[in-house]
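One structure is given here, and the rest of the page talks about it.
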2 protein chains.
Amino acid sequence: MATAAPLRSRKAQIDRTATALFRARGFAATSMRELATELGLEAGSLYSHIKSKEEILHRVCFGLAEAFFAGFEAATAATSAPIATQLRQAIEAHVRVLTRDSAASAVFLHEWRHLSEPARSEFLALRDRYEAAFRSLIQRGIATAELHAPDAAFATLALLASLNWLPAWYRPDGKLTPDEIAHRLADQLLGGLLNERAAMSQ
Amino acid sequence: MATAAPLRSRKAQIDRTATALFRARGFAATSMRELATELGLEAGSLYSHIKSKEEILHRVCFGLAEAFFAGFEAATAATSAPIATQLRQAIEAHVRVLTRDSAASAVFLHEWRHLSEPARSEFLALRDRYEAAFRSLIQRGIATAELHAPDAAFATLALLASLNWLPAWYRPDGKLTPDEIAHRLADQLLGGLLNERAAMSQ
DNA sequence: TATACTTCCTAACGCTCGTTAGCAAAAAAA
DNA sequence: TTTTTTTGCTAACGAGCGTTAGGAAGTATA
């Protein structure tokens, strides 16, 4: 019944469309009938491809978690590099994931609470691990005097906060490219953390 | 039928309880029956005090908007003060509103999309005005060379982003008082904006 | 005491929800 | 060509939703 060669599998199409709806209306306020209409289907037909509404949310949330971890690990793979450099690259990697799919990012950031147990707890554990990785990096930077902050945990939260607000205002057709945004954000956020001497080399 | 003197009006109790539920589960996923149970009532009884579910959301969102504006205007009333000082006080005022009622703040930040028109547009207009007020302050700071940033709009978004993530991690029983948090956040966020010379006087 | 107001109840309304069962047609594989 | 897989339909299920009508009991006011 499919007309031409589908660019992506039907399942992937459902995920993409659902992600956009979840972002715009929220998970709970998005109905399967709405999603089906958006895809030109009837509600029941969705279940030939997916198991449940929550399954979609699960895939989106855990898929993005994987992307964030992959970005961080690539950014900090060069363990001999200056901490400030690693942190800058981790920030830019984080921004790149956020901008590559800002709808999925918004869902990742706000809709995870609609996961039921045990997925919800698993998700939060992942998020904590990610946050801890950033914190550890900043702590090491403070220890080596490359960075300067009164409280590493506090600085980490403020840093991730700035980054994670991005999907709320980022527009793919805006005047700044994702890379420019990443660079500027890193500049501004590292500005408050860098030690004056180290700042010269950045 | 009321037992003792109610500390607050029933309506206010409903608002408070609903706010907590809206924050925890989201507006759409919170049912009136759930809210009623939390208050020891039946669902229908709520409607002796309120007109609709959305009316509660409306009150929370617009009430907080008012609080934010009041804080900003008080912080910037001394127009002859250095821009950096005004900005610091505006930041601290914002944080104080966020910490005074972090549940309502979280609802204000995330649940406004469930307002129906025209309330939704009115809300967004208010939010834009508030953001513009911050941006204007920063722009003037750049113009007088008190502040330093490549792009005022960008700096404003990053600044408010850091602040608005606060309700996500703030705990009233944490080790930092609201004032300490406000002060530290202001320190860290102004750090990236202050010109080096002006920084001495801060 | 009579009157009004506040507060809450029970019962039900029309509606939408996520999901399932059973079937059918097209596409792909054999 | 036969078989299997993919994709989609219609119809309906049980449940929960926000909300309302109408009544009753307690409290305050006159």
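What you see is a predicted model, and the numbers here were worked out from it, not measured in a lab. So you know, we letter chains A, B, ... as the sequences are listed, proteins then strands, and number each from 1. The analysis underlying the following values was restricted to heavy atoms, covering all of them including side chains, and did not include hydrogens, waters or symmetry mates.
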Verify the contact: side-chain N or O of [X] to OP1 or OP2 of [N], cut-off strictly under 4.0 Å; return yes or no.
X	N	result
His49(B)	dT7(C)	yes
Ser48(B)	dC8(C)	no
Ser45(B)	dT7(C)	no
Ser31(B)	dC17(D)	yes
Tyr47(A)	dT19(C)	yes

Next item on the list: May I ask you to decide whether Arg88(A) forms a salt bridge with Glu92(A), counting only side-chain N to carboxylate O separations under 4.0 Å?
Entry: yes

Check: Is Glu131(A) paired with Arg127(A) through a side-chain N to carboxylate O contact shorter than 4.0 Å?
Finding: no

Note to self: Could you check whether the side chain of Arg33(B) and the base of dG18(D) have a donor-acceptor pair of N or O atoms closer than 3.5 Å, going by distance alone?
What the structure shows: yes

Check: Is there a donor-acceptor contact under 3.5 Å from the side chain of Ser102(A) to the main chain of Leu98(A)?
Finding: no

Rounded to whole angstrom units, what separation is found between the [atom1] atom of [X] and the [atom2] atom of [N]?
X	N	atom1	atom2	result
Leu46(B)	dC17(D)	CG	P	13 Å
Met32(B)	dG18(D)	CE	P	7 Å
Ile56(A)	dG18(C)	CD1	C1'	11 Å
Arg10(A)	dA26(C)	CZ	C1'	14 Å
Lys53(B)	dC17(D)	NZ	P	9 Å
Leu41(B)	dT19(D)	CG	P	16 Å
Leu21(A)	dC17(C)	CG	P	12 Å
Leu35(A)	dC17(C)	CG	C1'	14 Å

Next item on the list: Can you figure out which of dG8(D), dC9(C), dT19(C) approaches the side chain of Glu42(B) most closely?
Entry: dC9(C)

Next item on the list: For the pair Phe123(B) and Trp112(B), name the ring-plane relationship: parallel under 30°, tilted 30 to 60°, perpendicular over 60°.
Entry: parallel

Checklist line | Which residue lies more 5' along DNA chain C, comparing Gly44(B) with Ala28(A) via nearest heavy atoms | finding: Gly44(B)

Next item on the list: State, without any angle test, whether Gln13(B) and Arg10(B) hold a side-chain donor-acceptor pair at a distance under 3.5 Å.
Entry: yes

